[in-house]
Amino acid sequence: MEIEENAALIVVDVQKGFDSAYWGRRDNPEAEKNMAALIDRWQETGRPVVFVRHDSRQAGSPLAPGTEGNAFKDFVEERRGTGAGPEVLVTKTVNSAFYGEPDLDAWLRGAARGGAADGRRGQLVIVGIQTNMCNETTARMGGNLGYDVLFPLDAMHTFDLAGPFGWSRTAEELTRATAVSLHGGRFARVVTTEDVLKGTAA
C-alpha cells in the first residue's frame, strides 16, 4: 500500500477528558502508542497533520472548554508544531471534523496540498478517539467528499455503550461493527498502523 506524499493525518479528539471514568471501559490499550508512531512519521516526512479538538457543549462533559479534559493528551500536545509539513488545529462541537473551524475540506485542498488546483482531494488517514463516533463520522464524510480514506483500526479506541431496547455492545464489538460498515460500505479502507508505516517508508 502506497501512501501519497501529501496524504493528511487527521488526529481526532485525543483529549485528556477521555481518560475520565465518565466514559466507562475502553478497548485497545495500544492506541496511543500507534497514534504517536503515525504522528511522528507524518512530521518526519513533512506530510500535513490536522489536530482536531472537540469543544463539547454538553453540560458536565469532560471535554468542555475551560476544563482540563478539553486539553490534548500530553503525547499529542508535545508534538504539535514540531513537524516539517503543514499543520492546522480544527475545533468542533459535533462529530465530524469537516464541520469545524477552520473549514477542513478547504484547508486540505489548499494549504495542505500546496495550493494544488486539480480538483482531486487525495488521501486521508484518520486516527484518534472514538472509533465509532467522531472517527467514523469523519471517515464517512471524507469518503462522501471523494477522499481516499484510510482507517488504521489499531490507532484509535472507543468505549462500551448502551443503546435502545436494553441493548448494549462492548467497545470491541463496536470497533468491529465500525470496521465492517466503513470497509464493506466503501467509505474507507480499514488497515493497520503497520500497513500505513510501511506505505510511508522511504
Hey, could you give me the [atom1]/[atom2] distance between [X] and [Y], rounded to the nearest 0.5 Å?
| X | Y | atom1 | atom2 | answer |
| --- | --- | --- | --- | --- |
| D40 | E44 | CG | CD | 5.5 Å |
| L150 | I126 | CG | CD1 | 9.0 Å |
| M1 | L197 | CE | CG | 9.0 Å |
| F98 | Y147 | CZ | OH | 5.0 Å |
| M133 | N95 | CE | CG | 7.5 Å |
| E68 | L63 | CD | CG | 12.5 Å |

A side-chain contact here means heavy atoms from C-beta on lying under 4.5 Å apart; do [X] and [Y] qualify?
| X | Y | result |
| --- | --- | --- |
| L161 | N132 | yes |
| E194 | N34 | no |
| V125 | W42 | yes |
| F151 | V191 | no |
| K92 | V52 | yes |
| P86 | R47 | no |
| P152 | L38 | yes |
| T175 | L153 | yes |

Between the side chains of [X] and [Y], does any donor sit under 3.5 Å from an acceptor?
| X | Y | result |
| --- | --- | --- |
| T193 | D154 | yes |
| T131 | T158 | no |
| D195 | T192 | yes |

Spell out, yes or no, whether [X] and [Y] are grouped together once hydrophobic residues are joined by side-chain heavy atoms under 4.5 Å, including indirect joins.
| X | Y | answer |
| --- | --- | --- |
| L174 | L182 | no |
| Y99 | W107 | yes |
| V88 | V76 | no |
| I129 | V49 | yes |

Notebook entry, point to check: Run the side-chain contact (heavy atoms from CB on, under 4.5 Å) check on I39 and F51 step by step: do they pass?
Noted result: CA-CA 10 Å; I39 296 170; F51 293 102; 4.2 Å; yes

Determine, for [X] against [Y], whether the closest basic-nitrogen to carboxylate-oxygen distance falls under 4.0 angstrom.
| X | Y | result |
| --- | --- | --- |
| D55 | R53 | yes |
| D74 | K16 | yes |
| E4 | R121 | no |
| K73 | E32 | yes |
| D160 | R26 | no |
| E2 | K198 | no |

Checklist line | From CA spacing to verdict: side-chain contact (heavy atoms from CB on, under 4.5 Å), M35, V14 | finding: CA-CA 9 Å; M35 292 178 210; V14 187; 3.7 Å; yes

Check: Got a sec, which pairs hit ring-ring contact (aromatic ring centres under 6.0 Å, His included) with one end in residues 57-84, sequence neighbours left out?
Finding: none

Margin query: Go through it in stages, so that I can follow the logic: the residues are R189 and Q123, the test is side-chain contact (heavy atoms from CB on, under 4.5 Å), and I'd like the CA-CA distance, side-chain angles, deciding distance and then a yes or no.
Written below: CA-CA 11 Å; R189 288 185 282 162; Q123 282 183 334; 3.6 Å; yes

Item checked: Those residues that, when tested against T82, pass side chain to side chain donor-acceptor pair (under 3.5 Å) (two or more places apart) -> Q43

Next item on the list: Give the ring-plane orientation class for W23 versus F18, where under 30° counts as parallel, over 60° as perpendicular and anything between as tilted.
Entry: tilted

Next item on the list: Under the salt bridge (Lys or Arg N to Asp or Glu O under 4.0 Å) rule, collect the residues that match up with E77, sequence neighbours excluded.
Entry: R80

Note to self: side-chain hydrogen bond (donor to acceptor under 3.5 Å, both in side chains), that's the test. Do E136 and T178 meet it? Break it down for me.
What the structure shows: CA-CA 7 Å; E136 181 175 351; T178 288; 2.7 Å; yes

